[in-house]
Number of protein chains: 2
Amino acid sequence: MAATMHDVARLAGVSIKTVSNVVNGYPHVRAETRAKVLAAIDQLDYQVNVAARNLRTGRTGIIALAVPELSLPYFAELADRVIEAAREHGLTVLIEQHGGDRERELEVLSGARRHLTDGLIFSPLALGAGDERLLEVDFPMVLLGERIFHDGVDHVTMHNVEAARAATAYLLELGRRRIAVVGVHAGEVVGSAGLRLEGYRLALADAGIPFDPSLLGEAGLWHRATGAEAMAALLESDAGPDAVFGFNDALALGAMHELQVRGVRIPEDIAVLGFDAIDDAMYSFPALSTVDPGKEQIATTAVQMLVDQAANRQSYRNGVHRPTRVYADFRILVRGSTEPATEASRR
Amino acid sequence: MAATMHDVARLAGVSIKTVSNVVNGYPHVRAETRAKVLAAIDQLDYQVNVAARNLRTGRTGIIALAVPELSLPYFAELADRVIEAAREHGLTVLIEQHGGDRERELEVLSGARRHLTDGLIFSPLALGAGDERLLEVDFPMVLLGERIFHDGVDHVTMHNVEAARAATAYLLELGRRRIAVVGVHAGEVVGSAGLRLEGYRLALADAGIPFDPSLLGEAGLWHRATGAEAMAALLESDAGPDAVFGFNDALALGAMHELQVRGVRIPEDIAVLGFDAIDDAMYSFPALSTVDPGKEQIATTAVQMLVDQAANRQSYRNGVHRPTRVYADFRILVRGSTEPATEASRR
DNA sequence: GATCCGTGGTACAACGTTGTAAAGAGTGTC
DNA sequence: GACACTCTTTACAACGTTGTACCACGGATC
């Protein structure tokens, strides 16, 4: 049905390889010949068959991005940035959702899709300590997140500990002393929850404030709903917080919702701070102060690393190139949920 | 590097075609032979090369989903559902963002990617009346949205007019009489803005209430920011609304934010109603009442239609199968932003 | 005993592209 | 005029799979 290089070649009166040369921008083609070929391509509305090219070259121009789920704004925004960054490199993005399900994460790693893609950007949720060996795959991969660390793979992550420490320090500077956290995973050491909690504890220690376990709000899933539930539990205990640090924005927004339902004033009675800097955070009321973990940088860096891996496959295989770990820059975005606002700054 | 069918065949001591038969579940293979092949596959950790299979069969197992941008929660949630629906059919989803840019939308339609995918689910934003011919492509495609209608293609859309009419009628039932709308595109007839405005007008007419242009809030982009701006403009005019109907949830949430900044009580002074039923809407304060346009149904129907098209390519080509248009079911989700709430219902 | 059929297996030729090697056509140098 | 060089173009063989055609075997049918 669709035209092939053969058809173009016949119409232009040249060999099929010459058509290929034109299509791929090979320089040593006479201008006249090139024009003939281009005219034929135009006339037949020819498009290269990517599958055939792929079979021949082993490249597809597709990279896979595996995330828990796109319904979570953080991952939706990350995916958005990854798609745009990939586009800059002429790549398209195939998205896989694993929903934090271990089986599905393993499927992503060893899956049949690997022939379809030039590489994988993988943000695991279920995999963790002890699974490092599973990451030693023989295709280009960049790891995201903080569930698992392994020197053998390129990794883009955030300054979780430092950012959480700075965030907590910021709340302390505001004079808050009873800072609750929402999103704790009991017993977790590595992973966003463990690392951010570590940062929180360090900041308290820096300020000489005792750590009080009654201020810890557990939340397995980091959704708005669980944030609201954890907040409710904190309010119904006798913890008496004057600030809440949500380990992500969804948790913080859920907590904020719960506070407002109960008539607690934000930030006067309780200041609220989030993490992730999702778009929503800007439009809550009051707007949610949050930690921007460098989403944009994470996306562009990950894509760049993947492209580099693909380009220098040899060096990566034989160990000339050592895998690197990049920590994105963070900053605290101050908004109305923490600073007693003037009419203007409250937005 | 990776094992091929040749390797498996050699190890199992059979022909390469027999391996292919085993892999593809061809029934006439002796159990003993099948076992040998499976053992070899296992031993070599063999995976079919999808590119080669694709070249041979013309199928890739990938479908493309083209949306404006994933940062918009509606599309992120839609993509989530599409990915899951595709998974049920053994398909993977490649996502393209066109950002509502005409050039990029055209690229999607005529793009080089078409060889990589078995079909396209396309939600245009820039294309519209006059571009119908562009939709007559020779690969499986399902159209989403309400920017453009064409009898020649399968289409999944919403009851925009009816849903907006019902939504407006609901606000009227609550006793609201000065219902402002946010998200108007002046002069648009087709498209979400045009159709939803039409529903609004019909409901007013049904109730015998005069249409007042001063209650129309324009907003080109349907983001929270523009919703807030439009709301501000309405409040600073002398329109005096007692309800706001946001043409999507982002607009409504933005409007709500603006109202709260100004100390307007929701729903007592002004009721707010959205459209799309994104997850966020559940966790604003008060929770946003909204119209659920049947997102889930849209996603599953679109994928199903695409699969059917691919399976019955012939019938579609020669016109035996006629393209259909499906309208998803909608319903109004009543929450605290419209109903003067009890402590319980307010959540 | 010839014919037909179902089963289990194989050989070969595609699918549409690109890398390799090499041939022809000029151009310049000695 | 021979040689080396560059530019331009080509033929051919892959890449890894599957569809088609076909062969061989045994059992059933006439």
Side-chain angles (χ1 to χ4, degrees), chain A residues 1-38 40-41 44-62 90 112-118 139 310 313-314, chain B residues 1-38 40-41 44-62 112-118 139 313-314:
Chain A
M1 195 105 270
T4 75
M5 275 193 175
H6 276 100
D7 304 325
V8 175
R10 202 170 324 128
L11 181 61
V14 299
S15 82
I16 174 178
K17 181 70 225 231
T18 298
V19 177
S20 170
N21 286 339
V22 169
V23 168
N24 292 288
Y26 180 72
H28 299 308
V29 177
R30 233 187 327 154
E32 190 187 335
T33 312
R34 184 189 310 277
K36 266 194 308 189
V37 171
L38 289 176
I41 286 177
L44 295 174
D45 194 23
Y46 167 77
Q47 315 238 188
V48 284
N49 181 324
V50 192
R53 169 183 287 173
N54 167 25
L55 177 59
R56 192 56 243 250
T57 62
R59 291 271 166 81
T60 62
I62 304 183
R113 307 281 188 285
R114 78 181 187 203
H115 276 297
L116 276 175
T117 55
D118 294 343
F139 50 89
R313 206 77 203 101
Q314 283 310 322
Chain B
M1 194 104 268
T4 74
M5 275 194 175
H6 276 101
D7 304 326
V8 176
R10 203 173 320 129
L11 182 61
V14 297
S15 82
I16 173 179
K17 182 68 226 238
T18 297
V19 177
S20 170
N21 286 339
V22 169
V23 168
N24 292 287
Y26 180 72
H28 299 308
V29 178
R30 236 189 321 161
E32 191 188 334
T33 313
R34 184 189 311 277
K36 266 194 309 191
V37 171
L38 289 176
I41 286 178
L44 295 175
D45 194 24
Y46 167 76
Q47 315 237 193
V48 283
N49 180 324
V50 192
R53 169 183 286 176
N54 167 26
L55 177 59
R56 195 52 243 250
T57 64
R59 290 273 165 80
T60 60
I62 304 183
R113 307 281 188 284
R114 80 179 186 202
H115 276 298
L116 276 175
T117 55
D118 294 342
F139 51 88
R313 204 77 202 101
Q314 284 311 321

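Keep in mind it's a predicted model, so treat the numbers as computed, not measured. Below, chains carry the letters A, B, ... as their sequence lines are ordered, and counting in each starts from 1.
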Given B:Val22, B:Val14, B:Thr18, the one that forms side-chain contact (heavy atoms from CB on, under 4.5 Å) with B:Arg34: B:Val22

Output the rounded distance in Å from CG (A:Asn49) to P (C:dG16). 7 Å

End axis versus end axis in the helix from C:dG1-D:dC30 to C:dC30-D:dG1, the angle rounded to 10°, five pairs used at each terminus: 60°

Excluding sequence neighbours, so at least two apart, what forms salt bridge (Lys or Arg N to Asp or Glu O under 4.0 Å) with A:Arg30? A:Glu32

Rounded to whole angstroms, how far apart are CZ on A:Arg59 and C1' on C:dG19? 14 Å

Taking all non-hydrogen atoms of both residues into account, name the closest pair between A:Val50 and A:Thr60 and its distance. CG1-O, 3.9 Å

Starting from the 5' end of DNA chain C, give me the residue, B:Ala31 or A:Asn24, whose nearest nucleotide shows up first. B:Ala31

Look at the side-chain N and O atoms of B:Thr4 and state whether any lies under 4.0 Å from the OP1 or OP2 oxygen of D:dC15. no

Return the CD1 to CD1 distance between B:Ile62 and A:Ile62, rounded to the nearest 0.5 Å. 4.0 Å

Not counting sequence neighbours, which residues clear side-chain contact (heavy atoms from CB on, under 4.5 Å) with B:Asn24? List them please. B:Ser20, B:Arg53

Distance in angstrom units between A:Glu32 CD and D:dC7 P, rounded: 18 Å

Could a donor-acceptor pair under 3.5 angstrom be found where the side chain of B:Arg53 meets the base of D:dT17? no

What's the separation between atom CG in A:Asn49 and atom CG in B:Asn54, rounded to the nearest 0.5 Å? 7.0 Å

Can you tell me the distance, in whole Å, between the CZ atom of B:Arg56 and the C1' atom of D:dG16? 11 Å

Specify the residues of residues 13-22 of chain A, ordered by number, for which at least one heavy atom lies under 4.0 angstrom from an atom of DNA chain C. A:Ile16, A:Lys17, A:Ser20

Going by atom type alone, with no hydrogens or angles, which donor-acceptor pairs under 3.5 Å involve a side-chain atom of residues 2-12 of chain B and a protein atom two or more places apart or on another chain?
{"residue": "B:Thr4", "atom": "OG1", "partner": "B:His6", "partner atom": "N", "Å": "3.1"}
{"residue": "B:Asp7", "atom": "OD2", "partner": "B:Thr4", "partner atom": "N", "Å": "2.9"}

Side-chain N or O of B:Thr33 closer than 4.0 Å to phosphate OP1/OP2 of C:dG9: yes

Considering every strand and a 4.0 Å limit on heavy-atom distances, what is the contact class for A:Tyr46: base, sugar-phosphate, or nothing? sugar-phosphate

Run the salt bridge (Lys or Arg N to Asp or Glu O under 4.0 Å) test against A:Asp118 and tell me which residues pass, sequence neighbours left out. none

Check the distance between C:dT18's P and A:Leu55's CG and give it to me in whole angstrom. 11 Å

May I have the step-by-step check of side chain to side chain contact (heavy atoms under 4.5 Å, CB included) for A:Ile41 and A:Val23, ending in yes or no? CA-CA 9 Å; A:Ile41 286 177; A:Val23 168; 3.9 Å; yes

Nearest-Å distance for atom pair CZ/P, residues A:Arg10 and D:dT10: 14 Å

Interatomic distance, B:His28 NE2 vs C:dT10 C1' [rounded to whole Å]: 16 Å

Indicate, with a heavy-atom threshold strictly under 4.0 Å, whether A:Asn54 touches base, sugar-phosphate, or nothing. nothing

Would you say D:dT9 has OP1 or OP2 under 4.0 Å from some side-chain N or O of A:Arg30? yes

Nearest heavy atom decides the nucleotide; on that basis, is A:Thr57 or B:Val23 closer to the 5' end of DNA chain D? A:Thr57

For atom NE2 of B:His6 and atom P of C:dA11, their distance in whole Å: 10 Å

